[in-house]
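Heads up, the thing below is written out as structure tokens.
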Protein chains: 2
Amino acid sequence: MNNTKQHFPQHGVTVDAVVLGYNGEALQIVLVKRAIEPYKGAWALPGGFVLANESLEDAVKRELQEEAGLAELYLEQLYTFGDVGRDPRGRIISCAYYGLVRPGSHPVMSGSDASQARWFDVSALPTLAFDHARVVRVALERLRAKISYAPVGFELLPERFTLSHLQRLYEAILDRPLDKRNFRKRFLGLGILKELDERETGVAHRAAQFYQFDVKRYRQLAATGFGMKLV
Amino acid sequence: MNNTKQHFPQHGVTVDAVVLGYNGEALQIVLVKRAIEPYKGAWALPGGFVLANESLEDAVKRELQEEAGLAELYLEQLYTFGDVGRDPRGRIISCAYYGLVRPGSHPVMSGSDASQARWFDVSALPTLAFDHARVVRVALERLRAKISYAPVGFELLPERFTLSHLQRLYEAILDRPLDKRNFRKRFLGLGILKELDERETGVAHRAAQFYQFDVKRYRQLAATGFGMKLV
DNA sequence: TCAAAAGTGTTAACCATACACCCATGC
DNA sequence: GCATGGGTGTATGGTTAACACTTTTGA
């Protein structure tokens, strides 16, 4: 920390992360049970104070590692909440991020100042500490808005997935059914899916084709300014 | 300020505002010439430290009033810049806002810690202090993205305007020509323009019809979740 | 009467939507 | 052989995009 005397007002600054995942059925969020006051025992978003020598993004990555064992995830800044009185400890400003993780990378275990960390279905969240319910709401709105023009959905799926997996994910996020034929037409037409030499096995129905998100192709298309209307 | 000892790391937090205006020809930004170090004499975005008892939005409104005499403008949070080393005074986090003002409400005069404030065409900005050039870039991207699905353009025009004014504004922001007939069809079809009983006077060509943005009607439409594809 | 910008419709291409049946597989 | 989900095409209506001339006004 910086110990020199500063000549300007200073405030506590936290980062908080809405980490979203998808288990094949429902959208989920990582919450941690607070081990210390305030809101001791309540569920909250993972996060904590920004230290003197780290950027906001470094801070949120460190907290996610410490509190939930999460690393290497898609992260994006969401909004900064700075109302006076949003934290009982004093004037604390929170810069919120949202993150997306693939099912594989889910250790989600406890850390230093949080006694537990676990996934909750977004449709069944407990009461949250601070103004975190509001933060979650903003994050879900943002994801819903973003998914229809940017391929962020792939950050929630395993490397290999079927078109039905992708469609079910979109339906879970948008909370409405989508037409199968139109959905397939659109995604295959976009040219950002790479067909793999693999199909499902051991399923009691016709085995589905596996695909992979073609990042390189997507970047080419995005660079030429194509309008990615996904749904 | 809060004088009690705090048990968590603290940082300076500033707000900075990209205030955009439109003079009928070009998009413009308010800049202030810094009267104090660091970057004394350089042009910078209006802004300053957040005090202990004000929200971020209160802080940015206060700074805009003090430094540029601006009040009552459309304001929206843009992004929070928190890299270590972005400010030579130490670890300072900046929450940036962008604002839109109508030509009428342009006092833009000097205040306490800024010796001058004035408008610059966005296409001819001087070298800016801190990382403010980056902040401006982010703000312009945001405005360009936003204008195509939300009627923020009206915040940059006088109460009464012609369809040609509106079109020229869109062309200035998007930096490309738009088709006159299609532009008119779309905006008139949207039903968010109120035709006034006034026309231009003293112009050396057919006098244009004046319109007004119909906020009430817009809110009705927005509430029923209509997709406002504007351009 | 000229210059300058306002105002006005139609057509063709494209895109979004709605919709139903056969196929492959495991049990 | 049946239950389960995978995979496929077409027709229709709506939306977007391209395009040029007449009108009004002041100088």
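Convention: sequence-line order gives letters A, B, ...; per-chain numbering from 1. It should be emphasised that the depicted structure is a prediction, and the values quoted were computed from it without experimental measurement.
Checked by atom type and distance alone, the side chain of Arg142(B) pairs as donor or acceptor with a backbone atom of Leu78(B) at under 3.5 Å. Between the Asp121(B) side chain and the Ser123(B) main chain, no donor and acceptor come within less than 3.5 Å of each other. Using modelled atom types, one side-chain atom of Gln167(B) and one backbone atom of Leu178(B) make a donor-acceptor pair closer than 3.5 Å.
Atom CZ in Phe183(B) sits roughly 14 Å away from atom P in dT16(D) (whole-Å rounding). One interatomic measurement links the two molecules: CG of Leu178(A) to C1' of dA18(C), which rounds to 14 Å at whole-angstrom precision. With rounding to whole Å, Arg186(A) atom CZ is found 18 Å from dG7(D) atom P. Rounded to a whole Å, the CZ atom of Arg176(A) is 13 Å from the P atom of dA16(C). Here the P atom of nucleotide dG26(C) and the CD atom of Glu200(A) are 11 Å apart, to the nearest Å. If you measure from atom CD of Gln209(A) to atom C1' of dA24(C), you get 14 Å, rounded to the nearest angstrom. The interatomic distance linking Arg206(A) (CZ) with dC21(C) (C1') rounds to 13 Å, in whole Å. Distance His205(A) NE2 to dT4(D) C1': 6 Å, rounded to the nearest Å.
Taking a 4.0 Å limit (strictly below) on heavy-atom distances, residues 156-169 of chain B reaches DNA chain C at Ser164(B).
By the 6.0 Å and 45° rule, Arg118(A) stacks over the aromatic ring of Phe120(A). With a 6.0 Å cutoff to the six-membered ring centre and a 45° limit on the axis angle, Arg34(A) does not count as a cation-pi contact of Tyr39(A).
End-to-end axis angle for the helix from dT1(C)-dA27(D) to dC27(C)-dG1(D), using five pairs per end and rounding to 10°, comes out at 0°.
Residue whose closest nucleotide on DNA chain D sits further toward the 5' end, between Arg199(A) and Asp179(B): Arg199(A).
For Ala204(B), the side-chain atoms get nearest to dG26(D) when compared with the rest of dA18(D), dG26(D), dT8(C). Candidate nucleotides dA17(D), dT17(C), dT8(C) were compared by shortest atom distance to the side chain of Lys180(B), and dT8(C) ranks first.
Looking at Lys185(A), its side chain comes within 3.5 Å of the base of dT10(D) through a donor and an acceptor atom. Within 3.5 Å, no donor on the side chain of Arg181(B) pairs with an acceptor on the base of dA6(C), nor the reverse.
Ion pair Glu200(A)/Arg206(A) not flagged as a salt bridge, since none of the NZ, NE, NH1 or NH2 atoms sits closer than 4.0 Å to an Asp/Glu carboxylate oxygen.
Scored by the ring pair (Phe, Tyr, Trp, His ring centres under 6.0 Å) test, Tyr218(A) finds Phe213(A) as partners (sequence neighbours excluded).
No donor-acceptor contact under 3.5 angstrom links the side chains of Ser55(B) and Asp83(A), judged on distance only. Using a 3.5 Å distance cut-off with no hydrogens or angles, the side chains of Gln209(A) and Tyr211(A) do not pair a donor with an acceptor.
Using a 4.0 Å heavy-atom criterion, one finds that Arg184(A) contacts the bases of the nucleic acid, with or without backbone contacts as well.
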